[in-house]
Amino acid sequence: MARVVQGWPVMATPSGPADELASYFLGAFGENNDLLEGVLVELLRDHVYWRRNFHPDDTPPISTAAQFDEGYQQRVANMKRELHRLAAQLKRSVPTFHPRYIGHMTSDLLLPGLIGQLVTTLYNPNNIVDEVAPVTLALEHEVGQQLCRMVGYATNTQAVPCGAGHLTSGGTLANDEALFLARATRFAPLAVRDACEATGAWVEPALRDADDVELLGWPTARALDLVHRVLRRPDLSSAFAAARVEARGLVSFAASHPAAGRCVVVAPASAHYSWAKAMRLLGLGEHQLVLVPTCEGRMEVDGLETTLRELETSRTPVLAVIGVYGTTEFGSFDELHRIAGLRRADRSFWLHVDAAGGGYLPSVFRETDGSLRPREQVSAGFRHFPSERVYRSTAALAEADSVTVDPHKLGYVPYGAGAFLCRDRRAFELAMQQAAYVFTSTGDDEARFRNAARFSLEGSRPGAAAAAVALNHRVLPLDHAHYGQLLSRSVRACESLYDQVPGLRARLEGLASVAVPFEPDCNVVGLAFNPQGNRSLAVANAFTRRLFDALAVRPADQSGGDAAFFGSCTTVPLAHLGTAERARLSKMLGVEFESADASGLFMLRHTLMNPWLLSSPDDSARTWIDAYVSHLEGVVRALRA
Ligand SMILES: *Cc1c(COP(=O)(O)O)cnc(C)c1O
C-alpha cells in the first residue's frame, strides 16, 4: 500500500509484506536470524560431510580420544576465552547495519554475499591460478563479465573491443591497475619502435615518422592494435618486452624518451587520494598529477579543456584523464560524456572512470536485457534523479578505457572486493608475465584471458570475495528490477533528506542558516551550517564541528548506546574550488571565503545507503529520515540556546 511522506509516494511500505528486499538482509534487529543461522549451519554441515567423504577410509589424524584429554580441554578453553573476548571487543564496532547509521558508504550487507563469503572461506580458495581455485576463478570471470555489461562494455569474445574485468582488494588497487595499464599502453608504441630499431625489423611508417609526443597521444585502440600484432611476432616480442618501461625502469626509459618522463595525469580536485598514492607508487610523481578545480562538486570541464590545451602547447603528454562517477565526498558525477568528447584522433588520452563510489548505480539504468533504459523510465519513482547530466554520464561509461567499481561499497558485500574493468581486454596482455607467442591458437587466447590472476597486480587473492560478489549478482542481477531496486531505495532516501532541507531552513530561521552546497547526484548529501549573523568561515566551521560532535560517534563512545545518529563529516579545501564556485558558496552560506581564516569548508556528510531509511522507527508516518532531520534541528537549537 502506498504511503505519502512529505507529499510523495513511497513505493512500498518497507516493513510491510510488499517489501521485496526484506529477505536479503539480516536486518537492524537481526530479524532474519533464523534464516542466516539455518543456512549457515546447513552449509557448515555440508562442508564437514565433504571433508569426511574425501578418502573416508583414511585414519583421521586427530583421534577421537584426543578430544577428551585434559590438555586438549585446557587449550580449547583458552581458545574460547579469546574468542569471547574478541566478540566482546567487537561490540564497540560502529553499528553500520542500522538506519541510524548514515555516515560513510557502508550499510547492512546483502545476505547472499555475506553467506557466500563465510561459507567459501571454509574451502579457502586462492584466486591466483585455477589449479587451486577452479570454482571461484570461474565465478570471478562471471562477475567481471556482468560488471562490464553493467557499465556498457561489449563482452563478445569474437569482436574487438571485448571488455574484461577482475576483482581486486578494493578501489585503491583497481585505480593503481588503471594507471599501470594506461602507462603500459601509452608508452607501448615507443617501445615497439625501439624494438624494431634494435632488431632491424621493418618500421611501420606511422611509427617511424611520428615524434615521441605524437606517439604518446595515440588513441588507445590504435596503440593496442599495434601491441596485439607485435606480441604475436616471435622476432619482435622479446625485444619489445625488453624495450618497455616495465623492463627498463622509468629513469632509463625517460632518458631515451624525455617526453615520456614529462607525462602527466589529469584528475578533478575532488578525486580520491588513492590517485596521489598511485602516482607515487608508479614513480610518476605526485607533482605530475594535475588537478582541475571543481564546480558544484564536479570537474569543471571547461577548465579541463583549458588545461589540455595548455599541456598541448607545452608539448606535455597526457597519460590519462580521470573522471569520477560518484565522488567519495558528495557522490557527484563528472560529466563523462563531455570529458570523453575531448579525445581527438591525434591527441588522445586514456580515460579512466573512478566509479568506486557510484559503481552499481548503472544497474538502475539497465533493462533486464542489458540495454540502457530511456531517461523518462529511469526517473519514474524519483523526484529529481537522474539529472540529464547523470543520465548522460552513465551512458558515457561505455566510452571509458577502464572503470573502477567497488562491490564492497554500493554492492553491499563484505570488504575485500573491488573491481577493475577494461573496455579492450587486449590491454591486459601488457600486464601478463608470459609472452603471447607461447600461445598460438585462439582457444589458448581465451584461456589466457579467463585467468584473471595472470594480469592482476596482486598475488594470492580470496576466492571467497569472488563467491560473495557472484552470489549477490545471481540473486539480484545488475538491472533495474533487481540490484537497481536496492540502489533506487538509497537514492530515494537521499531525495527525502534533500527535500526536507527547505523546511529545516525555515524552522531554523533566526538561529542558523543551512545549505546543501553540492546538489546530490545520487545518494550522498552534505550540509553546511552558519550561525545567524556570522560572516566568518572559521566561525561557521567551528559551529558545524560542534554540531557534528553532538551528532556523531567518538572513539570513546562507540557502543552507540546514546548516539542518536551516526553521520560523517568532511572539509572541502578552498584550493579545490574555482573562483566562481567560491563566490557561489560564499553567497549561499553568507560567509566571506576570501579572508584567510580557514583553509576549507567543514560540512556534515550523509550517505543514505541503508535500505530501511524510508521505513518508520515507531510505526508512525514518520520515517528515519524525518527522525534524523528533527534530531538535527534539536541539536542546532540546543547549540544556539
Ligand atoms: C572509496 C573510493 C576509492 C578507494 O576505494 P577502496 O576500496 O577504499 O580502496 C577510490 N575512489 C573513490 C571515488 C572512492 O569512493
Side-chain angles (χ1 to χ4, degrees), residues 94 96 103-107 109 113 117 143 147 151 165-180 182 265-282 286 289 291-292 294 297-299 320-336 339 351-362 390 393-394 397 400 402-421 456-458 461-462 465-466 468-469 487 490 494 518 520-526 568 570 572 576 605-609:
V94 179
T96 51
H104 296 281
M105 200 159 275
T106 176
S107 164
L109 299 167
Q117 177 137 351
V143 160
L147 289 171
V151 302
H166 63 86
L167 297 180
T168 60
S169 62
T172 300
L173 246 293
N175 287 346
D176 290 342
E177 187 164 347
L179 209 51
F180 176 73
V265 173
V266 183
S270 52
H272 190 261
Y273 62 85
S274 54
W275 289 103
K277 275 202 241 177
M279 294 297 284
R280 294 180 187 186
L281 187 65
L282 282 182
E286 205 179 326
L289 183 64
L291 296 181
V292 177
T294 57
R298 304 169 197 107
M299 170 147 64
V321 173
I322 314 301
V324 184
Y325 186 86
T327 60
T328 315
E329 302 296 18
F330 303 110
S332 308
F333 288 35
D334 286 337
E335 295 173 274
L336 303 175
I339 300 172
L351 174 57
H352 176 78
V353 176
D354 184 354
Y360 281 87
L361 269 166
V390 164
S393 274
T394 305
L397 281 170
S402 53
V403 180
T404 291
V405 174
D406 248 357
H408 65 205
K409 283 183 180 162
L410 284 187
Y412 296 77
V413 291
Y415 285 111
F420 175 74
L421 314 174
S456 167
L457 291 185
E458 293 166 82
R461 295 172 315 127
V469 181
L487 277 292
S490 175
C494 174
F518 309 106
D521 275 341
C522 56
N523 64 349
V524 188
V525 195
S568 64
T570 189
V572 181
H576 288 182
R605 173 177 171 272
H606 313 87
T607 309
L608 291 312
M609 211 178 137

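All ligand and atom numbering here is 1-based and tracks the order in the structure.
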For [atom], which protein heavy atom lies nearest, and how many Å away is it?
atom                    : result
atom 9 (O) of ligand 1  : Thr172 OG1, 2.6 Å
atom 4 (C) of ligand 1  : His272 CE1, 3.3 Å
atom 1 (C) of ligand 1  : Lys409 NZ, 1.2 Å
atom 11 (N) of ligand 1 : Asp354 OD2, 2.7 Å
atom 6 (P) of ligand 1  : Gly171 N, 3.3 Å

Test item: Tyr412 side-chain N/O and Met609 main-chain N/O as donor-acceptor pair under 3.5 Å: yes
Polar side-chain atom of His408 near backbone of Pro414 as donor-acceptor pair, under 3.5 Å: no
Any Val292 side-chain heavy atom under 4.5 Å of Val321 side chain: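 Not in contact.
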Check: Val524 and Phe518 side chains under 4.5 Å, non-hydrogen atoms: no
Go through ligand 1 atom by atom and flag the ones less than 4.0 Å from a non-hydrogen atom of [X].
X      : value
His408 : 7 (O)
Gly357 : 15 (O)
Thr328 : 12 (C), 13 (C), 14 (C), 15 (O)
Ser274 : 10 (C)
Gly170 : 7 (O), 9 (O)
Ala356 : 2 (C), 3 (C), 10 (C), 11 (N), 12 (C), 14 (C)
Asn175 : 10 (C), 11 (N)

Is there a donor in the side chain of [X] and an acceptor in the side chain of [Y], or the other way round, less than 3.5 Å apart?
X      : Y      : result
His272 : Ser274 : yes
Ser402 : His352 : yes
His606 : Ser568 : no

Contact check: Thr327 vs ligand 1, nitrogen or oxygen atoms, below 3.5 angstrom: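 N/O-N/O distance below 3.5 Å does not exist for this pair.
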Nearest heavy atoms of Ile339 and Gly323, plus distance in Å: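 Scanning both residues, the minimum pair turns out to be CD1-CA, 4.5 Å.
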Salt-bridge contact Asp521-Arg298 (side-chain N to carboxylate O under 4.0 Å):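 Looking at Asp521 and Arg298, the cut-off is met.
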